[in-house]
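Notes follow the structure.
Just so we're clear, the structure is a prediction, and the values are computed from it rather than from any experiment.
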Amino acid sequence: MTANFQRWQQLYHKYRKHTMIWEPMFWENLELCTKHHKRGHSIVECGVWKGGMIAAMADALEDPAAEFHLFDSFEGLPQAQPIDGKAALEWQNDTESPGFYDNCKADIGDAQEAMALSSARNVQIHPGWFEETLAGFRTTNPISILRLDADWYASTLRCLEVLFPQVAPGGLLIIDDYFTWEGCAKAVHDYCSREGVELSIQSTEYKVAYAVKS
């Protein structure tokens with residue numbers, strides 16, 4: 001338990017209806033962000049759902065100069081492929097499961113609402129599929145926090161290809177689905193192998209996967 005525990009609890013309850021992240025993991029995301037953010041740098045999240053996680057990050061960081069970029073299709077997840085693993089295919093086919101969340105579909109208005117509740121002042125929401133919205137994307141300032149909740153292999157790989165080169169040395173990469181879906185983990189390792197990137201994936205107590213760019 002950290003000195004910020006009570007504050008993280010408050011932020012979770014503030015954005016509870018805007019997130020599907022388990023509360024202890026939500027706290028750990030915030031703790032990681034406050035340790036690694038560089039003031040004035042950019043924060044990017046790919047796969048925002050209703051925006052609760054990145055909104056809470058904005059409140060935790062208290063950096064009015066930071067840019068916040070939110071990428072999501074707002075149409076749900078693309079179709080999982082065999083490379084994503086049997087569990088991913090089964091999850092997407094089980095549309096009656098309480099954990100299906102309508103294939104992670106959310107209205108852009110939910111994310112706009114969450115960010116309006118936050119302390120973020122420079123917010124850009126990029127609706128659409130990553131293949132389209134990330135094309136040619138560049139932040140004004142280097143990225144200090146890149147949070148990927150892209151689920152599948154192709155989506156995760158595309159995010160890394162475009163965004164990881166823009167992460168500042170010492171910047172934080174959080175990979176939400178690294179321990180959940182085979183395709184996500186494979187995308188991380190394939191990207192690093194192909195680009196010659198040395199990345200040490202670490203885990204918090206509640207299995208938040210993260211790495212710090214060297």
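For I143 against V44, the heavy-atom pair with the smallest separation is CD1-CG2, 3.7 Å. Nearest heavy-atom pair, L148 versus C159, reported as atom, atom and distance to 0.1 Å: CD2-CB, 3.6 Å. Nearest heavy atom pair, residue W152 against residue L77, reads CZ2-CD1, 3.7 Å. Closest heavy-atom contact between Y210 and L172: CD1-CD1, 3.9 Å. Taking every heavy atom of both residues into account, L70 and A111 meet most closely at CD2-CB, 4.3 Å. Residues K38 and D63 share a closest heavy-atom pair of O-OD2, 4.2 Å.
A donor-acceptor pair under 3.5 Å is absent between the side-chain atoms of T156 and the main chain of Y153, judged by distance alone. Under a 3.5 Å cut-off, the side chain of R147 and the backbone N or O of M53 do not form any donor-acceptor pair. Side chain of D59 to backbone of S118: no donor-acceptor contact under 3.5 angstrom is found. Side-chain atoms of D177 never come within 3.5 Å of backbone atoms of C184 as a donor-acceptor pair (strictly under, hydrogens ignored). E62 places no side-chain N or O within donor-acceptor distance of the main-chain N or O of A58, the cut-off being under 3.5 Å. Of the possible polar contacts, one joining the R121 side chain to the S119 backbone as a donor-acceptor pair under 3.5 Å is found. Within the 3.5 Å criterion, the main-chain N or O of G99 finds a donor-acceptor partner in the side chain of W91.
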### Task
Report the C-alpha distance between E113 and K14 in whole Å, list the side-chain angles of each, state the deciding distance to 0.1 Å, and finish with yes or no for salt bridge (charged side-chain N to carboxylate O under 4.0 Å, His left out).
CA-CA 12 Å; E113 179 184 71; K14 179 178 179 179; over 6 Å; no

### Query
Does the pair E195 and E161 meet the rule for a side chain to side chain contact (heavy atoms under 4.5 Å, CB included), with working shown?
CA-CA 9 Å; E195 301 298 327; E161 288 171 341; 5.8 Å; no

### Message
Run the side chain to side chain contact (heavy atoms under 4.5 Å, CB included) test on D149 and C46 for me, step by step, so that the C-alpha distance in whole Å, both residues' side-chain angles and the decisive distance to 0.1 Å come before the verdict.
### Response
CA-CA 6 Å; D149 194 351; C46 295; over 6 Å; no

### Task
For the pair V162 and R138, evaluate side chain to side chain contact (heavy atoms under 4.5 Å, CB included) and give the outcome as yes or no after the intermediate values.
CA-CA 9 Å; V162 175; R138 294 292 181 272; 4.3 Å; yes

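In this structure, the side chains of S42 and P142 stay at 4.5 Å or more apart for every pair of heavy atoms. A 4.5 Å side-chain heavy-atom check between L61 and C33 finds at least one atom pair inside the cut-off. Counting heavy atoms from C-beta on, the side chains of F68 and N122 never come closer than 4.5 Å.
Ring to ring, F137 and F71 are close: their centroids are under 6.0 angstrom apart. Under the 6.0 Å cut-off for aromatic ring centres, W27 and Y12 do not qualify, their centroids lying 6.0 Å or more apart. Checked against the 6.0 Å centroid threshold, H189 and Y178 count as a close aromatic pair.
Remark: the W181 side chain and the D84 side chain contain no N/O donor-acceptor pair separated by less than 3.5 Å. Counting only N and O atoms by type, the side chains of S214 and E198 include no donor and acceptor under 3.5 Å apart.
Atom CE of M25 is separated from atom CD of E28 by 7.5 Å, given to the nearest 0.5 angstrom. To the nearest 0.5 angstrom, N4 atom CG is 12.0 Å from Q9 atom CD. Atoms CG and CG, on D190 and L160 in that order, are 10.5 Å from each other to the nearest 0.5 Å. Here the NE2-CE distance, from H37 to M57, works out to 9.5 Å after rounding to the nearest 0.5 Å. In this structure, the separation between OG1 on T34 and CD1 on I145 is 8.5 Å, given to the nearest 0.5 Å. Between atom NE2 of residue H18 and atom NZ of residue K50 there is a gap of 7.5 Å, rounded to the nearest 0.5 Å.
With hydrophobic clusters built from ILVMFWY side chains whose heavy atoms lie under 4.5 angstrom apart, L30 shares a cluster with V123. A single hydrophobic cluster is seen to contain both L134 and Y191, as judged by linkage of ILVMFWY side chains at heavy-atom distances under 4.5 Å, directly or through other members. In terms of hydrophobic clustering, with Ile, Leu, Val, Met, Phe, Trp and Tyr side chains grouped at heavy-atom distances under 4.5 Å, Y15 and W49 are assigned to different clusters. The hydrophobic clustering, which links ILVMFWY residues whose side-chain heavy atoms are closer than 4.5 Å, places I21 and I43 together. Note: the hydrophobic cluster containing M115 also contains F26 (ILVMFWY, side chain heavy atoms under 4.5 Å, direct or indirect links).
The side-chain hydrogen bond (donor to acceptor under 3.5 Å, both in side chains) contacts involving residues 95-110 comprise Q92-N103, where partners must be two or more places apart or lie in separate chains.
Each of Q124, H41, E67 was compared with T139 under the side chain to side chain contact (heavy atoms under 4.5 Å, CB included) criterion, and only E67 meets it. For the side chain to side chain contact (heavy atoms under 4.5 Å, CB included) test with K213, the passing option among V197, L146, L173, V167 is V167; the others fail.
The environment of CZ in R194 is crowded: more than 12 heavy-atom neighbours from other residues, nucleotides or ligands sit within 6.0 Å.
Using cut-offs of 30° and 60° for the angle between ring planes, the Y206 and W22 rings count as perpendicular.
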